[in-house]
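Computed from a predicted structure; not experimentally measured.
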Amino acid sequence: QVQLVDAGGGLVQAGGSLRVSCAAFGRTFSNYGMGWFRQAPGKEREFVASISASGGSTAYADSVKGRFTISRDNAKNTVYLQMNSLKPEDTAVYYCAGSPYYSGTYSKSYDYWGQGTQVTVSS
């Protein structure tokens with residue numbers, strides 16, 4: 001139905017920047033709210049950021065507010081997460097998620113998920 005492919009992770013130094021992306025394959029991307037979640041070993045998956053289908057509304061976890069920016073390009077069926085001022089605590093596997101008309105913080109409300117991309121921040 002819908003396949004999400006996230007990419008762009010890597011190793012960066014604390015204070016650096018990185019942008020991860022998520023490409024959607026399907027014909028209903030423009031109606032999908034999108035979110036980013038992350039999970040570190042031994043920790044539960046946590047909400048990072050989300051954006052509405054139109055791009056008019058965004059939400060961020062307090063831990064990343066002011067440092068991360070979520071955006072989307074519906075013409076390219078792609079959502080982005082720009083990460084600035086990275087901290088070692090940001091190290092995790094980042095997952096893209098999508099669902100029709102949903103852009104909240106609850107992970108189980110999302111229908112489709114990317115495979116995850118590793119972000120490692122060194123100190």
Side-chain angles (χ1 to χ4, degrees):
Q1 296 179 12
V2 176
Q3 183 179 6
L4 303 179
V5 180
D6 37 29
L11 175 64
V12 297
Q13 189 175 0
S17 299
L18 193 66
R19 187 179 75 165
V20 292
S21 63
C22 174
F25 297 87
R27 296 188 177 185
T28 59
F29 178 77
S30 62
N31 295 326
Y32 277 59
M34 302 294 294
W36 285 98
F37 294 78
R38 66 187 183 186
Q39 186 169 22
K43 298 181 64 178
E44 293 187 348
R45 183 170 50 189
E46 65 175 350
F47 169 79
V48 177
S50 64
I51 187 168
S52 62
S54 67
S57 298
T58 58
Y60 298 92
D62 289 340
S63 59
V64 306
K65 190 172 297 183
R67 299 188 298 121
F68 290 11
T69 302
I70 188 171
S71 63
R72 66 190 297 158
D73 185 343
N74 285 352
K76 297 182 178 180
N77 290 348
T78 302
V79 63
Y80 305 92
L81 183 68
Q82 177 68 46
M83 300 178 287
N84 298 326
S85 301
L86 283 163
K87 306 174 181 179
E89 305 90 83
D90 296 318
T91 296
V93 177
Y94 283 70
Y95 295 92
C96 173
S99 190
Y101 307 108
Y102 183 78
S103 58
T105 64
Y106 187 51
S107 63
K108 294 184 179 179
S109 291
Y110 286 91
D111 295 329
Y112 304 100
W113 292 83
Q115 81 284 357
T117 184
Q118 176 72 48
V119 173
T120 302
V121 184
S122 63
S123 60

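- Ser103 and Ser50 get closest at one heavy-atom pair: O-OG, 2.7 Å.
- The side chain to side chain contact (heavy atoms under 4.5 Å, CB included) test with Met83 singles out one residue from Val20, Val48, Asp90, and that residue is Val20.
- Residues Trp36 and Val79 form a side-chain contact, since some pair of their non-hydrogen atoms from C-beta on lies under 4.5 Å apart.
- The minimum heavy-atom distance between Ser123 and Ala14, with the atom names listed, is CA-CB, 4.4 Å.
- Of the inter-residue distances, the one linking Lys65 atom NZ with Arg67 atom CZ reads 12.5 Å to the nearest 0.5 angstrom.
- With contacts defined as side-chain heavy-atom distances shorter than 4.5 Å, the pair Phe68/Leu86 qualifies.
- Summarising the geometry of Val5 relative to Gln115, their closest heavy-atom pair is CA-OE1, 3.6 Å, with the distance given to 0.1 Å.
- In this structure, Tyr110 and Tyr102 have perpendicular ring planes: the angle between them is above 60°, well past the 30° mark.
- Contact detail for Gly33 and Arg72: the closest heavy-atom pair is CA-NH1, 4.1 Å.
- The shortest side-chain heavy-atom distance between Thr91 and Val119 does not fall under the 4.5 Å cut-off.
- Using modelled atom types, one finds a donor on one side chain and an acceptor on the other under 3.5 Å when comparing Ser17 with Asn84.
- Under the 4.5 Å side-chain heavy-atom criterion for ILVMFWY residues, a single connected hydrophobic cluster contains both Val12 and Val64.
- Separation of atoms CZ (Arg38) and CD (Glu89) is listed at 8.5 Å; rounding is to 0.5 Å.
- When side chains are defined from C-beta on, Gln118 counts as touching Thr120, because their heavy atoms get closer than 4.5 Å.
- Hydrophobic cluster membership is shared by Phe47 and Val93, with clusters built from Ile, Leu, Val, Met, Phe, Trp and Tyr side chains linked at under 4.5 angstrom.
- When Tyr95, Tyr94, Trp113 are each tested for a ring-ring contact (aromatic ring centres under 6.0 Å, His included) with Phe37, only one passes: Trp113.
- The distance from the CZ atom of Phe25 to the CG atom of Asn77 is 8.5 Å, given to the nearest 0.5 Å.
- Exactly one of Leu4, Leu81, Thr78 qualifies for a side chain to side chain contact (heavy atoms under 4.5 Å, CB included) with Met34. That residue is Leu4.
- At least one side-chain heavy atom of Tyr101 sits less than 4.5 Å from a side-chain heavy atom of Asn31.
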Show which side-chain atoms of residues 53-63 pair as donor or acceptor with protein atoms under 3.5 Å away, not counting sequence neighbours.
| from | atom 1 | to | atom 2 | distance (Å) |
| --- | --- | --- | --- | --- |
| Ser54 | OG | Gly56 | N | 3.2 |
| Tyr60 | OH | Ile70 | N | 2.9 |

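- Closest approach of Asp6 to Gly114, counting heavy atoms only: OD2-CA, 3.6 Å.
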